[in-house]
Amino acid sequence: MRASKYNIVTLKETPADAEIISHQLLIRAGFIRKAASGIYSWMPLGLRVLQKVEAIIREEMNRTGAMEVLMPVVQPAELWQESGRWDQYDEELLKFTDRHQRDFCFGPTHEEVITDLARNELKSHRQLPANFYQIQTKFRDETRPRFGVLRAREFVMKDAYSFHLNQQSLEETYQSMHDAYGTILDRMQLDFRPVLADTGSIGGSASMEFHVLADSGEDRIAFSTSSDYAANIELAEAIAPPKDESAPEELNEIATPEVHTIEQVAAFLSVPPESTVKTLIVKGENEPLVALVLRGDHKLNPLKAEKLVGVAAPLSMAEDGEISSAIGCAPGSIGPVNLGLPIIVDRSAAALANFVCGANKDGFHLTNANWARDTTEFSVSDIRDALEGDPSPDGKGVLQFKRGIEVGHIFQLGKEYSTPMNATVLDENGKSIIMTMGCYGMGVSRLVGAVIEQKHDDSGIIWPTNIAPFQVIIIPINAHKSEAVTETSEKLYSELTELGIEVLLDDREGYRPGAKFADSELIGIPHRLVVGDRGLDKGVIEYTERKSSDSKDLPLEGLVENLHRQIRIELNI
RNA sequence: CGGGGCGUAGCGCAGUCUGGUAGCGCACCACACUGGGGGUGUGGUGGUCGUAGGUUCAAAUCCUGCCGUCCCGACCA
């Protein structure tokens with residue numbers, strides 16, 4: 001490609017509304033342009049990258065035996081009403097009506113459409129397992145799009161849906177998707193972690209997210225310093241410290257006027273917050289109220305709590321009025337001793353001895369409280385947020401936190417959609433069986449941003465060769481004056497192109513070398529050849545690798561072959 | 001959805017407080033010079049100052065409503 005005939009519009013200045021580096025560089029390098037909040041056009045250079053990411057994903061999906069399809073972006077309301085998500089998805093679902101006043105939505109995901117397809121197409125167990133995928137534009141009307149392509153409203157996603165006769169078959173496909181995701185991210189040379197995840201509103205049982213590690217990531221993940229254990233922070237299991245076996249001391253009630261928060265209690269009684277407990281009152285599932293007890297320095301994890309039997313989901317805190325009429329005191333003086341409510345104690349709080357807690361009497365706290373001696377029945381569960389430095393749940397190492405960009409999410413859906421939509425096949429015995437499903441998403445346009453977050457420097461983007469918009473850039477110096485430069489550049493260009501290498505020849509007139517160098521670095525082309533009289537006189541070309549910034553003079557003789565070999569290695573072909 | 005910032009040329013901004021001829025840099029067009037790290041000069045193109053209303057002899061500037069956009073939070077397969 002000749003740069004003079006290609007749309008290359010780079011900006012020297014950073015756009016004011018771009019906050020993070022991938023967004024800034026995508027705009028400055030001319031890869032994307034914004035049409036509206038969270039809605040972008042992909043320009044020629046950007047589209048080349050996007051399509052290369054798609055190609056890698058497509059290759060690896062095909063390798064697993066998945067079948068590519070293309071489903072509609074515009075979906076009829078009926079399907080969403082059938083699954084129950086027309087109302088549940090709420091505002092994020094972009095709804096509209098056609099000229100006949102029929103309701104439609106712009107697809108944010110395709111479980112409904114694929115399940116409808118599957119129940120019509122798949123009739124026999126012999127057609128299973130089947131895994132369909134597509135690479136499609138989705139629309140989610142996010143309350144707050146941000147970070148450019150990392151959190152756009154309109155975005156490109158690969159989504160796959162598998163159908164099975166039983167759980168075991170699902171688990172096999174789930175594992176092959178897990179492996180394929182690893183391969184895809186490895187091929188883009190990303191530093192990533194598969195982490196245990198919550199299934200969220202899509203439903204189902206097992207689920208893993210794939211996170212590209214980056215400080216700009218919106219998600220926090222916890223992982224072990226010495227094993228493979230990794231989990232979304234809201235899901236990471238919190239391990240209790242060893243039980244405090246101290247002998248119980250005498251229980252004391254102490255007046256603590258105007259002392260409510262843990263900080264105040266700890267300061268007033270001169271004890272560390274770790275020796276206190278806090279008691280939170282939430283709405284119960286069967287009983288009106290339930291008490292949750294945590295160590296003073298720990299934070300309640302609502303996701304864990306609302307999953308417990310007896311606790312109402314979604315988690316909702318009790319009103320002050322309900323608390324005072326049930327317990328007889330205000331929040332801030334509640335404790336597990338003589339409480340008269342069902343009590344769920346966090347593992348770490350349960351390991352305490354001689355702790356401080358509220359006395360269930362305004363203005364009073366108890367010291368030296370002990371579970372076995374001073375409280376009635378209670379259950380122990382993991383209901384707190386894990387903390388950095390906690391022991392890893394698998395017993396190896398301690399937890400460390402990092403930020404990640406979620407680029408993939410795989411779910412074992414089970415019969416979440418196949419049941420309401422009645423997607424069945426006949427088994428070996430001619431019996432109708434509801435299919436078991438899995439779904440596997442990967443953010444294609446988000447991956448483009450995620451790569452940049454990990455691969456950039458002060459000058460611009462550093463693309464891995466297999467997703468770079470071009471693999472080689474040739475910059476002639478003073479081409480208008482030197483026939484040798486022009487001839488050599490053209491020769492290199494045609495020879496490399498002939499070999500199937502994607503070359504950008506920067507033949508733009510009126511650009512000084514410095515501007516071309518700067519553009520080549522901003523755009524992030526992995527290999528650069530500078531052709532100038534200075535080198536040609538010695539029979540050499542200046543070669544610069546984008547990744548290392550290393551420059552060296554290479555003999556013109558054999559240059560094309562050597563570069564070709566190098567690129568083949570990088571492309572792994 | 002709550003809180004805050006910002007809307008002036010394609011991009012980055014000044015001008016708004018204190019009303020009076022709409023500006024600067026980059027980009028773009030033409031010509032000349034220049035030619036190994038974002039050149040120089042000359043001459044140009046391009047703006048209903050987000051929008052609607054109000055105040056005023058006069059509004060980018062003051063007032064009110066609306067819209068857009070970005071940030072923080074809530075939310076988020």
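Lettering follows sequence order; numbering is per chain, from 1.
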By nearest atom, which of the nucleotides [options] is closest to the [X] side chain?
X	options	value
A/Asp519	B/G73, B/G36, B/G38	B/G38
A/Ile477	B/G36, B/U69, B/G39	B/G36
A/Leu522	B/U69, B/G38, B/G36	B/G38
A/Arg512	B/G39, B/G37, B/G12	B/G39
A/Arg144	B/U69, B/G38, B/C72	B/C72
A/Phe517	B/A74, B/G38, B/G36	B/G36

From [atom1] ([X]) to [atom2] ([Y]), nearest 0.5 Å:
X	Y	atom1	atom2	result
A/Arg220	A/Glu388	CZ	CD	7.5 Å
A/Leu45	A/Asn7	CG	CG	7.5 Å
A/Ser176	A/Asn131	OG	CG	7.0 Å

Any strand counts, and the cut-off is 3.5 Å on both contacts for Watson-Crick or G-U wobble. Which nucleotide pairs with [N]?
N	value
B/C62	B/G54
B/A74	none
B/C6	B/G68
B/G41	B/C31
B/G25	B/C11

If I take atom [atom1] in residue [X] and atom [atom2] in nucleotide [N], what distance separates them, rounded to the nearest angstrom?
X	N	atom1	atom2	result
A/Arg534	B/G37	CZ	P	8 Å
A/Ile20	B/C70	CD1	C1'	14 Å
A/Asp553	B/G36	CG	P	16 Å
A/Ile523	B/G37	CD1	P	19 Å
A/Ile473	B/G36	CD1	P	17 Å
A/Gln24	B/C11	CD	C1'	14 Å
A/Glu19	B/C72	CD	P	6 Å
A/Leu93	B/C75	CG	P	20 Å

[N] to [M] separation - [atom1] atoms, rounded to the nearest Å:
N	M	atom1	result
B/U48	B/G36	C1'	47 Å
B/C1	B/U16	C1'	32 Å
B/C24	B/G43	P	12 Å
B/A27	B/G41	P	12 Å
B/G47	B/U8	C1'	8 Å

Show me, pair by pair, the donor-acceptor contacts under 3.5 angstrom made by side chains of residues 15-22 of chain A, not counting sequence neighbours?
residue, atom, partner, partner atom, Å
A/Asp17, OD2, A/Lys34, NZ, 3.0
A/Ser22, OG, A/Glu453, OE2, 2.8

Problem set entry | Criterion side chain to side chain donor-acceptor pair (under 3.5 Å) on A/Tyr133 and A/His110, from CA distance to verdict | CA-CA 10 Å; A/Tyr133 78 97; A/His110 283 68; over 6 Å; no
Exercise. Of A/Asp17 and A/Val530, whose closest RNA chain B nucleotide lies nearer the 5' terminus?
Worked result: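 With A/Val530 and A/Asp17 compared, the 5'-side residue is A/Val530.
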For this session: Using the closest heavy atom to pick a nucleotide of RNA chain B for each, name whichever of A/Gly514 or A/Ala16 lands nearer the 5' end.
Result: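 The residue whose closest nucleotide sits nearer the 5' end is A/Ala16.
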With sugar-phosphate meaning primed atoms plus P, OP1 and OP2, does [X] contact a base, only sugar-phosphate, or nothing at under 4.0 Å between heavy atoms?
X	result
A/Arg528	base
A/Glu509	nothing
A/Asp159	nothing
A/Ser37	sugar-phosphate
A/Tyr440	nothing
A/Arg153	nothing

Exercise. Should A/Arg146 be listed as having a side-chain N or O under 4.0 Å from OP1 or OP2 of B/C72?
Worked result: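 Answer is yes, contact under 4.0 Å.
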Exercise. Looking at A/Lys516, does any N or O in its side chain come under 4.0 Å of the phosphate oxygens OP1/OP2 on B/G36?
Worked result: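 Negative; the distance criterion is not met.
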Exercise. Would a 4.5 Å heavy-atom cut-off, applied to side chains only, mark A/Thr14 and A/Arg28 as touching?
Worked result: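 A/Thr14 vs A/Arg28: side chains touch.
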Problem set entry | Note, A/Tyr440 side chain near A/Tyr181 side chain (heavy atom, < 4.5 Å) |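 In contact.
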Exercise. Between A/Gln175 and A/Glu171, do the side chains contain an N or O donor and an N or O acceptor separated by less than 3.5 Å?
Worked result: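 No, no side-chain donor-acceptor pair sits under 3.5 Å.
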Exercise. Can any side-chain N or O of A/Asn232 pair as donor or acceptor with the backbone N or O of A/Leu235 at less than 3.5 Å?
Worked result: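 Flag not set: sc A/Asn232 to bb A/Leu235 has no pair under 3.5 Å.
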Under 3.5 Å, which N/O atoms of the protein pair with N/O atoms of nucleotides 25-30 of chain B?
residue, atom, partner, partner atom, Å
B/G25, N2, A/Glu13, OE1, 2.9
B/C28, OP1, A/Tyr511, OH, 3.3

For this session: Would you verify whether the NZ or CZ of A/Lys95 falls within 45 degrees of the ring axis of A/Trp86 while also being under 6.0 Å from that six-membered ring's centre?
Result: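 A/Lys95 over A/Trp86 ring: yes.
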Problem set entry | A/Arg28 (side chain) and B/G38 (base): donor-acceptor pair under 3.5 Å |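 Between B/G38 and A/Arg28, which were checked side chain against base, a qualifying N/O pair under 3.5 Å is present.
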